[in-house]
Amino acid sequence: GKNFHWDNFPLFQRILYLPFAILLFCFVPLVVLLDSIFRKSDILFVSPQMLSKSSIKSGQSPSFDVSEVEKSDMNQTMQVSEEESRIFSFFRERIHRPIFRMFVYHFLEMVFLVALGLSMYDPKDQSSKVEFWYYDYMTYIFVVSYFLEDLVDIFGRYRNFFSSFWNIYSLLNHTLFMLGGCLEFYGFKQIKGDNRAIVSGNHVVNVGATFVSIAASMSFFSTVRFLLLHRKLGPVVVCIIRVLKDTAIIFVLFFIIYVSFAIGTFSMFKPFTLSHNNITGDGFKMKADDLANVKGLFSAMFWRLFDPGENDLASIIKDGEVSMQFSHFVGLAFWAVYQAILVILLVNIFIAMMNTTYMNVSQCADLEWKYSKSYYQVQFLTPRAVLPPPFRLIYYYAKLMYRTKSNEALKADRETKIREYIILLHKLVTTKKKSDEENSIQDDFSDLRQDIQNIVSEKQKAMHVEIHELKEMIVGLKNEMRLLNSVASE
């Protein structure tokens with residue numbers, strides 16, 4: 001959580017937090033089930049911060065005044081968040097801490113590896129009969145849970161699932177477990193007892209046991225990923241993963257070279273065998289028939305990658321001496337070219353690629369390590385990380401209940417919002433009506449005032465016109481009087 005600062009705790013408290021987290025997790029599945037059945041089923045999906053924000057929002061009152069009737073309606077419709085009980089609040093705060101989820105996840109991984117190791121060692125094994133012990137059942141439960149989780153991840157985030165090396169590795173590992181377990185279960189029904197040594201190596205029970213053994217080795221190797229959390233060992237893990245990718249590239253090239261030379265070698269040496277009954281003393285023969293039969297050919301050519309030499313495998317002899325005739329010499333040279341390509345060219349290219357990869361990673365080791373570490377830790381931020389396999393089914397049940405109850409809550413909330421909207425709309429219409437009435441009275445006074453001003457202005461204009469006309473009449477009378485006076489004087 002935001003109020004839980006792991007880096008500020010001393011080492012002693014960090015060590016004690018591990019047993020505390022494991023003890024607390026023993027009650028988490030029960031608490032989640034109780035919350036899913038009797039409450040809102042949101043303890044996994046709503047953090048304490050989100051809950052506090054929703055409580056504040058739900059407790060807000062409207063900013064406008066309403067009538068008593070409207071207040072009573074709103075009190076009935078508005079959802080008021082009740083204070084959560086201390087027990088659920090305690091668990092909600094703890095399970096939403098990523099460090100808690102990490103401790104639980106790695107502890108369950110260790111439990112799975114211990115159960116797997118006991119199942120492989122099987123101290124109570126008896127060859128006379130097939131028996132299943134508690135560690136066998138634990139291993140089966142973990143494997144099935146992991147495999148189902150891989151399938152869910154593929155369909156849930158199919159675009160990003162195959163972009164990670166560890167996702168592909170996990171899918172391959174758990175697929176081998178499931179395939180091998182099914183073959184073993186079917187094979188043990190065909191044989192009596194638990195002694196696989198008495199049946200063929202191609203028997204279905206031995207094939208299944210081989211797949212399970214490979215998968216067990218892969219499971220223990222996957223603990224390397226835990227080292228990404230360590231600052232010193234994390235960059236080394238990143239280099240190992242990158243080098244494994246280079247190994248895959250070299251293996252493709254090796255396979256092409258291997259098949260190409262195997263076909264040519266077998267074609268040249270298949271006439272020669274060590275069957276002395278069919279070849280006379282004067283005939284040509286090989287010192288060893290490894291390259292003249294299919295089983296020996298693929299074995300001899302593969303192990304030359306780690307142990308070059310053995311020129312006698314391609315030598316054709318007659319009368320105790322190595323033949324250097326054309327076809328015999330070309331066969332020996334062909335064998336030498338194959339080993340030269342493997343040992344001198346391919347192996348050195350692989351070493352150079354590993355050196356280049358290591359140099360590229362070491363130059364930005366801190367950045368590469370931080371990215372890989374963050375990618376690993378981001379899985380603990382999702383709600384389902386609270387319940388790792390094999391408890392993941394409880395998470396899916398809680399998720400289903402949460403969606404069901406959330407839909408009901410959304411429906412009720414939608415009805416509440418509709419009622420609130422109607423009340424608000426009624427309030428706005430009433431307010432608008434009163435405002436329009438007040439504005440209409442003011443408008444009437446303004447119109448009356450404007451009318452009076454217009455009438456007064458028109459009267460003033462008319463008076464100005466009349467005064468102007470009187471002035472003109474007076475001026476005209478004065479002119480006539482002057483004219484009469486001038487006539488009378490004459």
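Note that the numbering runs from 1 along the sequence shown for the chain. Below, all heavy atoms of this structure are taken into account, side chains as well, without hydrogens, waters or symmetry copies. Quantities reported herein were computed from a predicted structural model and do not represent experimental measurements.
In this structure, the separation between CD1 on I394 and CG on L44 is 10.0 Å, given to the nearest 0.5 Å. A distance of 11.0 Å separates CH2 of W335 from CE of M268, quoted to the nearest 0.5 Å. To the nearest 0.5 Å, atoms CD1 (I154) and CG (L171) are separated by 4.5 Å. Here the straight-line distance linking atom CD of Q339 with atom CG of L345 works out to 14.0 Å at 0.5 Å rounding. Atom CD in Q325 sits 6.5 Å away from atom OG in S327 (nearest 0.5 Å). Going from atom OG of S372 over to atom CG of L229 covers 11.5 Å, rounded to the nearest 0.5 Å.
At a threshold of 4.5 Å between non-hydrogen side-chain atoms, the residues L24 and F100 count as touching. Side-chain contact between N206 and N202 is absent, with no heavy-atom pair separated by less than 4.5 Å. Residues V32 and Y395 fail the side-chain proximity criterion, which asks for heavy atoms closer than 4.5 Å. Contact of the Q190 side chain with the V205 side chain is not registered, since no non-hydrogen atoms from C-beta on lie closer than 4.5 Å. A heavy-atom distance below 4.5 Å is not found between the side chains of Y375 and L228. A heavy-atom distance below 4.5 Å is not found between the side chains of L108 and P389. You'll find the side chain of I168 stays beyond 4.5 Å of the side chain of L172, heavy atoms only. Between F302 and F254, the closest side-chain pair of non-hydrogen atoms falls below 4.5 Å.
For the pair R39 and F88, the cation-pi test (distance below 6.0 Å, angle within 45°) is passed.
If you check the side chains of T357 and D246, you find a donor sitting under 3.5 Å from an acceptor.
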*Worked check of side-chain hydrogen bond (donor to acceptor under 3.5 Å, both in side chains) between S219 and N173*: CA-CA 7 Å; S219 295; N173 182 16; 2.9 Å; yes
*Derivation and outcome, side chain to side chain contact (heavy atoms under 4.5 Å, CB included), residues R242 and E368*: CA-CA 11 Å; R242 294 296 183 88; E368 292 280 349; 2.8 Å; yes
*Does the side chain to side chain contact (heavy atoms under 4.5 Å, CB included) test come out yes or no for I341 and I257, once each step is laid out?*
CA-CA 9 Å; I341 292 176; I257 297 172; 3.7 Å; yes
*Kindly indicate, with the supporting measurements, whether the criterion side chain to side chain contact (heavy atoms under 4.5 Å, CB included) is fulfilled by V144 and M178.*
CA-CA 7 Å; V144 173; M178 293 296 296; 4.1 Å; yes
_Go through it in stages, so that I can follow the logic: the residues are R384 and E149, the test is salt bridge (Lys or Arg N to Asp or Glu O under 4.0 Å), and I'd like the CA-CA distance, side-chain angles, deciding distance and then a yes or no._
CA-CA 11 Å; R384 68 176 186 171; E149 196 60 28; 2.6 Å; yes
*List the steps and the verdict of side chain to side chain contact (heavy atoms under 4.5 Å, CB included) for M218 and I214.*
CA-CA 6 Å; M218 294 178 65; I214 296 174; 4.2 Å; yes
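The main-chain N or O of I344 is found under 3.5 Å from a side-chain atom of N348 such that the two form a donor-acceptor pair. The backbone N or O of I37 sits nowhere less than 3.5 Å from a side-chain atom of S41 that would complete a donor-acceptor pair. Put simply, the side chain of H230 gets close to the backbone of L233: a donor and an acceptor are under 3.5 Å apart. A distance-only check finds no donor-acceptor pair linking the side chain of R101 to the backbone of Q379 [under 3.5 Å]. Using modelled atom types, one side-chain atom of Y338 and one backbone atom of M301 make a donor-acceptor pair closer than 3.5 Å. Panel note: side chain S89, backbone S85; no donor-acceptor pair is recorded below 3.5 Å. Distance alone, capped at 3.5 Å, is enough to place a donor-acceptor pair between the T247 side chain and the V243 backbone. Distance alone, capped at 3.5 Å, places no donor-acceptor pair between the W166 side chain and the R225 backbone. Remark: side-chain polar atoms of H174 are paired, donor with acceptor, to backbone N or O of S170 under 3.5 angstrom. H106 contributes a side-chain N or O that, together with a main-chain N or O of M102, makes up a donor-acceptor pair within less than 3.5 Å.
Remark: D42 does not engage K405 in a salt bridge, criterion side-chain N to carboxylate O under 4.0 Å.
Between V343 and P308, the shortest heavy-atom contact is CG2-CB, 3.6 Å. When every heavy atom of E184 is checked against every heavy atom of V212, the shortest pair comes out as OE1-CG2, 3.6 Å. Minimum heavy-atom separation, L176 to A215: CB-CB, 3.8 Å. Heavy-atom minimum distance, I43 versus R92: CA-NH1, 3.5 Å. The shortest non-hydrogen separation linking I141 to P390 is CG2-CB, 3.6 Å. Contact between I22 and F103 at its shortest, heavy atoms only, is CD1-O, 4.2 Å.
In this structure, F27 places its CZ atom where only 12 or fewer heavy-atom neighbours from other residues, nucleotides or ligands lie under 6.0 Å away. Remark: Y396 OH is packed, more than 12 non-hydrogen atoms of other residues, nucleotides or ligands lying under 6.0 Å away. Other residues, nucleotides and ligands contribute over 12 non-hydrogen atoms within 6.0 Å of the CZ atom of F220. Residue I87 qualifies as open at atom CD1: its count of foreign heavy atoms under 6.0 Å is 12 or below.
Residues meeting the side-chain contact (heavy atoms from CB on, under 4.5 Å) test with T356, sequence neighbours left out: N360. In this structure, the ring pair (Phe, Tyr, Trp, His ring centres under 6.0 Å) partners of F20, at least two apart in sequence or on a different chain, are Y17. Not counting sequence neighbours, F350 has no partner by the ring pair (Phe, Tyr, Trp, His ring centres under 6.0 Å) test. With sequence neighbours excluded, no residue forms a ring pair (Phe, Tyr, Trp, His ring centres under 6.0 Å) with F147. The ring pair (Phe, Tyr, Trp, His ring centres under 6.0 Å) check on Y186 picks up nothing, with sequence neighbours excluded.
Sorted by first and then second residue, the pairs that involve residues 135-146 and meet side-chain hydrogen bond (donor to acceptor under 3.5 Å, both in side chains), not counting sequence neighbours, are E109-Y146, S119-D136, D122-Y135.
Between F391 and the choices Y105, F25, Y397, the ring pair (Phe, Tyr, Trp, His ring centres under 6.0 Å) rule is met once, by F25.
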